[in-house]
Every structure is written in structure tokens, then in C-alpha cells.
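What follows is a set of notes on a single structure, which appears directly below.
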2 protein chains.
Amino acid sequence: MADLHSASPDNLLRTVGIKVTRGRVRVIAALQAARQPMSHAEIGTQLGADAAVPLDRVTLYRILESLVAVGLALRAVDTRGVFRFSAAGTLHRHEGHVHFRCTDCGGVFCLKAAPPSPPKLPRGFRLAAVEFDVRGTCAVCSARPAA
Amino acid sequence: MADLHSASPDNLLRTVGIKVTRGRVRVIAALQAARQPMSHAEIGTQLGADAAVPLDRVTLYRILESLVAVGLALRAVDTRGVFRFSAAGTLHRHEGHVHFRCTDCGGVFCLKAAPPSPPKLPRGFRLAAVEFDVRGTCAVCSARPAA
DNA sequence: GCTGCAAATGCAACCTTGTTGCATTCTGAA
DNA sequence: TTCAGAATGCAACAAGGTTGCATTTGCAGC
């Protein structure tokens, strides 16, 4: 399985089976190059500066949405309530392990730990998904002095 | 220091040294009565329904801001990027168990199961909170035929 | 290399959440 | 009772995010 950081955007898109468009390729490249999760505004600004043809605001939202849907990107919320996106670490589904979410930068990190088994539900309840979220401050943000 | 849950809103406000106003009293009462952190919109709706005189939107923001500033309320961001507020000290109530979120009606139910222990973190990471969210359909919504 | 269709895009308008400025009202101490 | 400063209400604004719809484009099938 391809590594999401070294693989080319084109191949990634083909692998997951969604159309290869210029916008998606540029967004994936930007996310791969970023060291920190980026907000929608940051991605838009960077793409606008990099290319003669800026990407439409709404299209960017929809591209990010589609990337999150197929697992190529991760979405988190920072302390100001703004969505931040990052390239997914690996191509395998994000069901088999646990996420650490940095409440400062919005980064999502995949932990090695196995997720716990779902608890017993009351009668009539139907289980759809289990999410084990660990929150705190990542190494980079911990080292940085508080703003 | 008085218990933040049993103490009357009036006393709490006097204790921290800010003015006792009708708006603040109502907001604290609502937060104390809530079982879950409430969004600004939820508080506004509830106060509007409870009283003949609804609280101004901006005033509610400022009341919440002042309560957070003096430590009577806590502010967090939910997964949709919306601020949620809770009476200070209520958080410990929700640490000892697991939540089930109904994706249909949005209801939150507290399960009896004990939450799993937090996994080992990489070097430099700081743990703040662990959230074990189970999602699905609650008994009522499961019984009801799909819309 | 065409063709057709679903998917993706661009544009405009809109909604929600949160903030700022300013005039008015109210709290609480003197 | 008085009154200064804090709190409130109203209007307007800003940022982030979503929806509807017409147009363009990727790509599968021929």
C-alpha cells in the first residue's frame, strides 16, 4: 500500500478511486508539504500565491471534504473553532487505531495503541461507530511557549 | 470556596467579585442544570423559552466571556467548531464513563461502561483529556421508521 | 479519437457563529 | 440618594462554512 506522504497526488487519487483534477492535486501537494495542519484560509492563500489561477473558495471546501471522505486528509478543530486539515499518515483505514488530537494546532497523530472494544449498549441501541479520541498538546506545541 | 454546583448563582457571582445581574444568574442556573456542555445557541434558546424576556445574543456572549474569565464557566470547542460552555467543576462528572451519541436525534446518553485507560503517548506529548465516543442510533430512533 | 454522463467546478447568495462600537440602563459602594 | 463604572441592548460587521444551480471536465465505453 502506498505511503500517503511520498506517493504522488495523482496516484493517491487514483488509488482511492476519485477523479484526478488539478485542484485536488494542488491541495494534496500543499497538505503533504505542510508541517502543521492548515486551515482552509491558509491553503487558499498558499494556492493563490503559487499559481496564476486561484482556487475557488467553495471548491476548496468541497475538495477538502472529498479528501476527508476518502481518507486522504484528516480534519480537526483548533482552539478558535476553525477546521484544520492535514494529509493522512497512512492509507489504511483509520479504524484500527487511536488518534491524538492536539488542541493547540489541531494536528492529528496516529497512535500505535489498539482501540478498546465497544461497551455493552442498552436494549434497542444500535452501534454505528466507535471513536477513541485522546486530546492534549503535541510535542511541537508543548515545546513552544504559550502565546 | 463554595461548591460550584450547589451554591446559588448569586453567591457564586459575589464570591468572585463581579456584579450580580439577572442575565448572569440565569446563565449560571442554566449551565448548572445542564447535563452536557451547552452551545451559545442552546443557552439562548433555553433562556428564551424559560422567560418572557429573552437575553440579547451579544449580551449572552459577553456574559459567557465574563464567566469564563472569572473561572465560573469552562469553554471548549466541539467537533463542529462551535464553542460549548459548562459550569466549572462539572467536568469530573463526565470522566468516569462513556458517552453514546445518537446520530439521528443528537441525544447523548451516559453508558455504564468504564472508559479505557489512555494509551502511551510519544515523547513530548501532553495528555489533556480522553474521550471515548460511541455513535449510533438510540432505542427511540431505532424503533422509529426511517424518515 | 469521439461521445455521453456523472463528477467536479465556479459563482452568487445565504446561514451561523462570533465580534466591535456606542448609547442606555443598572449595580452597588459611598 | 447619588453616581461612576460595569453591564446591557441594538446595529452593524467579519469570518467561516454551506447550498443551489449552471457550466465545465475527467474518464469510461465505444
Side-chain angles (χ1 to χ4, degrees), chain A residues 8-30 37-48 51-70 72-85 106, chain B residues 8-30 37-48 51-70 72-85 106:
Chain A
S8 77
D10 302 56
N11 287 336
L12 290 174
L13 289 170
R14 265 184 275 273
T15 301
V16 299
I18 62 173
K19 291 191 177 173
V20 179
T21 67
R22 203 162 51 128
R24 282 178 179 162
V25 169
R26 289 168 67 198
V27 171
I28 291 180
M38 301 174 80
S39 69
H40 170 275
E42 287 165 0
I43 300 173
T45 303
Q46 180 175 321
L47 292 189
V53 185
L55 203 55
D56 182 70
R57 215 172 67 89
V58 176
T59 302
L60 178 51
Y61 273 113
R62 292 201 262 232
I63 286 177
L64 290 168
E65 191 183 349
S66 69
L67 295 182
V68 169
V70 299
L72 288 182
L74 295 173
R75 185 170 73 173
V77 178
D78 72 8
T79 47
R80 285 201 355 266
V82 177
F83 289 148
R84 305 196 86 93
F85 300 87
Chain B
S8 75
D10 303 56
N11 286 337
L12 289 174
L13 289 169
R14 263 184 275 274
T15 301
V16 299
I18 62 174
K19 292 191 176 172
V20 179
T21 66
R22 203 164 49 131
R24 283 180 178 160
V25 170
R26 288 168 67 198
V27 171
I28 291 180
M38 301 175 81
S39 68
H40 170 276
E42 288 166 358
I43 300 173
T45 303
Q46 180 176 320
L47 292 190
V53 185
L55 203 53
D56 181 69
R57 218 171 63 88
V58 177
T59 302
L60 177 50
Y61 273 113
R62 292 201 262 234
I63 286 177
L64 290 168
E65 191 182 350
S66 70
L67 294 182
V68 169
V70 299
L72 288 183
L74 295 174
R75 186 171 72 174
V77 178
D78 71 9
T79 50
R80 286 204 352 268
V82 177
F83 290 146
R84 295 196 159 263
F85 301 85

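Of all nucleotides in DNA chain D having an atom under 4.0 Å from a heavy atom of chain A, the first and last in 5' to 3' order are D/dG16 to D/dC27.
Ranked by how close their nearest DNA chain C nucleotide is to the 5' end, B/H40 and B/T21 are led by B/H40. Ranked by how close their nearest DNA chain C nucleotide is to the 5' end, B/K19 and A/V58 are led by A/V58. The nearest heavy atom of DNA chain D to B/R57 and to B/I18 marks one nucleotide each, and the one closer to the 5' end goes with B/I18.
Summarising the geometry, the separation between CZ on A/F83 and P on C/dG18 is reported as 12 Å, rounded to the nearest angstrom. Rounded to a whole Å, the CG atom of B/D78 is 16 Å from the P atom of C/dT16. The distance between atom CD1 of A/I28 and atom P of C/dA8, rounded to the nearest whole Å, is 12 Å. Atom CG in B/D10 sits roughly 14 Å away from atom C1' in C/dG28 (whole-Å rounding). Separating the CG atom of A/D56 from the C1' atom of C/dA13 is a distance of 13 Å, rounded to the nearest angstrom.
Taking a 4.0 Å limit (strictly below) on heavy-atom distances, residues 59-69 of chain B reaches DNA chain C at B/Y61, B/R62.
When all heavy atoms are compared, the tightest approach of A/S66 to A/I63 is OG-O, 2.7 Å. Across every non-hydrogen atom of A/E42 and A/R84, the tightest pair is OE2-NH2, 2.7 Å. Contact detail for B/A30 and B/Q46: the closest heavy-atom pair is CB-NE2, 3.8 Å. Of all the heavy atoms in B/R26 and B/L47, the pair that sits closest is NH2-O, 3.0 Å.
B/R75 contributes no side-chain N or O that, together with a main-chain N or O of B/V68, makes up a donor-acceptor pair within less than 3.5 Å.
In this structure, the side chains of B/V70 and B/L13 stay at 4.5 Å or more apart for every pair of heavy atoms. With a 4.5 Å cut-off on side-chain heavy atoms, B/L64 and B/I43 count as touching.
Taken to the nearest 0.5 Å, the CD1 atom of B/I28 stands 5.0 Å off from the CG atom of B/L72.
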Criterion ring pair (Phe, Tyr, Trp, His ring centres under 6.0 Å) on A/Y61 and A/H40, from CA distance to verdict = CA-CA 7 Å; A/Y61 273 113; A/H40 170 275; 3.6 Å; yes
